[in-house]
Amino acid sequence: MILKTLSNLSNSSFSKRFPKFKEKIEDWEDRYCQWREYAGPHGFEDRFQFITRSPSTTLSTQKFRNDFTEENGRQANELEIIDFIMDEARNGAPTRLIINDSIKHGFDMDLLDEQKDPRGPQDIYLNPPHFNYLSLRSNINRLSIRWAVIEELHVSHSIKELILENCCIGKILFEERTLSVDIYNSWFGYFNLGPTSIINLWIGGGWLCAINCPPAYVHEENPFLGSVDFVDVNLPTSPKQSLIYKGTQQYRTLRAHFERLQNGPMAGLMRAKELASERESDSGVSWLFNWVYCVASGYGRKPGWAFIWSMVFLALNIMVLTGFDGVRVDSQNLTQGAWQLEWQGDDFLSQFVRASILTLQTVINPFTIFLAKSAFKFKSLYGLIHTFLFVILADAAFVFGSLAIRKRLKFS
């Protein structure tokens, strides 16, 4: 609904007359898409939803080296091979390239100069890509790829360190063991993992629309062998958020792999995504509990939320009781000079103290609210009922928070 409204504003005649207003609306639209984890504003998924083999010629660094030797009578060195790779990345024509020469010193493939002052992947022009197909089939110590658009990236040989930053990649496949992979603010359509394909993986920001990995059977090898961390990564949980999203199973499989690695935080993240994606098919009580669990504590990942909700419910009840002066002091059973008698007045402070004390008394055991022998009493049945409801909600939120902390401290 909000996205449709923003789109209509962007296409309105008023926006066309004022380009800066149109640009501002498109920026809000992008921010909304990012907040809702809609994968790929500005046509990323439309561009990479279906990836077909390009008819262009496949080049390779070995062929370049052989041709270079024939023309110059000597072998090309690493710098000349790297220059060839960069030329192919920047030539503006669809390119299929296989890097099958070892590059011991590694290199940086920084294509920022090809872009026009981008703020991030959302500003990259996707067509034509820098590579239709890029395959890494040789030993490389360190490879850094920045600001690149690649339809398909195939990592089929050992790379000690691979860094991807601000890239748009339609499909990536890790086939053979890679020592370390660091990914910063990059978008992926399909993120495919083979058995024991990555040792250490760190992903910060960006989108992963679909993650495919081997099933988590007992005899199957884990795609990960070491540390794995996802930090602020958008992982869609609904077809409404992503055209490429294929369902809940990807998160179930990843959760099982992380559990085998005893990686509690990542297993918790995948469990949260699993529950969020199941909400699409849940109904009735199951849907309600799923939704409450999400709002209360982010599926156990945000225990602070639950405690904040608990305080909010109690504060709301105190505000209502204070505003309507819903609490009185029962002086019949009080001895002369009892401290409760000091708060019988009609001033705001007295009303606030009476409401606060009675609310906090009911928090400890809300089911004794009807039988409590307290000096503070409700003036009406309405005050008793809404206090009971607010306190039950506050206690429930507190329980959610406690369970989330337990889950955080001891994963099982």
Side-chain angles (χ1 to χ4, degrees), residues 60-62 78-79 81-82 85-86 89 97-111 130-131 133-148 150 152-208 211-216 220-233 235 250 253-267 269-270:
S60 72
T61 55
Q62 282 189 357
E78 279 192 8
L79 290 177
I81 293 173
I82 291 172
I85 295 170
M86 295 300 295
L97 178 63
I98 299 172
I99 301 177
N100 44 12
D101 277 285
S102 295
I103 302 177
K104 295 181 180 179
H105 296 93
F107 69 101
D108 294 335
M109 187 188 297
D110 193 340
L111 299 172
H130 296 105
F131 292 101
Y133 175 80
L134 179 63
S135 178
L136 309 176
R137 300 184 185 178
S138 61
N139 295 317
I140 301 176
N141 277 3
R142 180 183 181 277
L143 173 59
S144 174
I145 302 177
R146 294 184 175 90
W147 299 100
I150 303 172
E152 187 172 351
L153 176 59
H154 190 182
V155 184
S156 59
H157 215 80
S158 177
I159 297 178
K160 291 184 178 180
E161 185 178 6
L162 176 64
I163 299 171
L164 302 173
E165 184 177 347
N166 291 311
C167 292
C168 292
I169 299 176
K171 180 191 294 185
I172 187 169
L173 170 61
F174 292 96
E175 190 174 27
E176 190 168 329
R177 185 175 301 181
T178 301
L179 182 62
S180 175
V181 179
D182 293 333
I183 299 173
Y184 301 85
N185 195 33
S186 295
W187 293 358
F188 296 89
Y190 301 90
F191 198 89
N192 300 331
L193 299 163
T196 64
S197 56
I198 296 178
I199 297 180
N200 297 314
L201 173 65
W202 186 91
I203 305 179
W207 275 278
L208 298 181
I211 305 175
N212 302 312
C213 62
E220 290 287 346
E221 292 182 319
N222 201 312
F224 311 107
L225 296 177
S227 173
V228 182
D229 283 298
F230 288 30
V231 181
D232 298 328
V233 182
L235 299 166
Q250 60 181 337
T253 303
L254 282 168
R255 176 172 58 85
H257 285 309
F258 288 134
E259 286 174 353
R260 288 169 62 185
L261 282 175
Q262 298 185 355
N263 188 335
M266 290 302 99
L269 172 62
M270 293 307 144

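These numbers come from the heavy atoms of this one structure, side chains and all, not from hydrogens, waters or symmetry mates.
- Contact detail for Cys167 and Ser186: the closest heavy-atom pair is N-OG, 3.0 Å.
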**Request:** Test side-chain contact (heavy atoms from CB on, under 4.5 Å) on Ile98 and His154 and set out the steps.
**Result:** CA-CA 9 Å; Ile98 299 172; His154 190 182; over 6 Å; no
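- In terms of modelled atom types and a separation under 3.5 Å, the side chain of Asn263 and the main chain of Val228 share a donor-acceptor contact.
- Of all heavy-atom pairs spanning Ala89 and Leu111, the tightest one is CB-CD2, 4.0 Å.
- Closest approach of Ile150 and Ile145 over heavy atoms only: CD1-CG2, 4.4 Å.
- The CG atom of Leu153 sits 6.5 Å away from the CG atom of Leu164 when rounded to the nearest 0.5 Å.
- Nearest heavy-atom pair, Leu193 versus Pro214, reported as atom, atom and distance to 0.1 Å: O-CD, 3.2 Å.
- In this structure, the side chain of Ser180 does not engage the main chain of Leu162 through any donor-acceptor pair within 3.5 Å.
- Taking CD1 from Ile199 and NZ from Lys160, the interatomic distance works out to 11.5 Å, rounded to the nearest 0.5 Å.
- Side-chain contact between Val181 and Val155: absent, with no pair of heavy atoms (C-beta onward) separated by less than 4.5 Å.
- In this structure, Ser227 OG and Ile198 CD1 are separated by 11.5 Å, a value rounded to the nearest 0.5 Å.
- Counting only distance, with no hydrogens or angles, the side chain of Asn222 and the backbone of His257 share a donor-acceptor pair below 3.5 Å.
- With 3.5 Å as the limit, one finds a donor-acceptor pair spanning the side chains of Asn100 and Thr61.
- In this structure the side chain of Trp147 reaches within 4.5 angstrom of the side chain of Asp110, judged on heavy atoms.
- For the pair Glu259 (side chain) and Ala267 (backbone), a donor-acceptor distance under 3.5 Å is absent.
- In this structure, the side chains of Phe107 and Leu79 stay at 4.5 Å or more apart for every pair of heavy atoms.
- Residues Phe230 and Met266 share a closest heavy-atom pair of N-SD, 3.3 Å.
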**Asked** Is there a side-chain contact (heavy atoms from CB on, under 4.5 Å) between Ile183 and Val233 once you walk through the steps?
**Response** CA-CA 10 Å; Ile183 299 173; Val233 182; over 6 Å; no
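- Of all heavy-atom pairs spanning Glu165 and Arg146, the tightest one is OE1-NE, 2.9 Å.
- Rounded to the nearest 0.5 angstrom, Ile140 CD1 and Ile99 CD1 are separated by 5.0 Å.
- In this structure, CG in Asp101 is found 4.0 Å from CD1 in Ile81, a value given to the nearest 0.5 Å.
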**Request:** Assess whether side-chain contact (heavy atoms from CB on, under 4.5 Å) is satisfied between His105 and Asn141, documenting all intermediate values.
**Result:** CA-CA 6 Å; His105 296 93; Asn141 277 3; over 6 Å; no
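- Classification of the Phe191-Phe174 ring pair by plane angle, with boundaries at 30° and 60°, yields tilted.
- In this structure a side-chain-to-backbone donor-acceptor pair under 3.5 Å is missing from Ser144 to Asp108.
- Between the Gln250 side chain and the Ile211 main chain, a donor and an acceptor come within less than 3.5 Å of each other.
- Asn185 places no side-chain N or O within 3.5 Å of a backbone atom of Asn166 that could act as its donor or acceptor partner.
- Atoms CG and CG, from Leu254 and Leu269 in turn, are 9.5 Å apart once rounded to the nearest 0.5 Å.
- Below 30°, between 30° and 60°, or above 60°: for Phe224 and Phe258 the angle between ring planes is below 30°, a parallel geometry.
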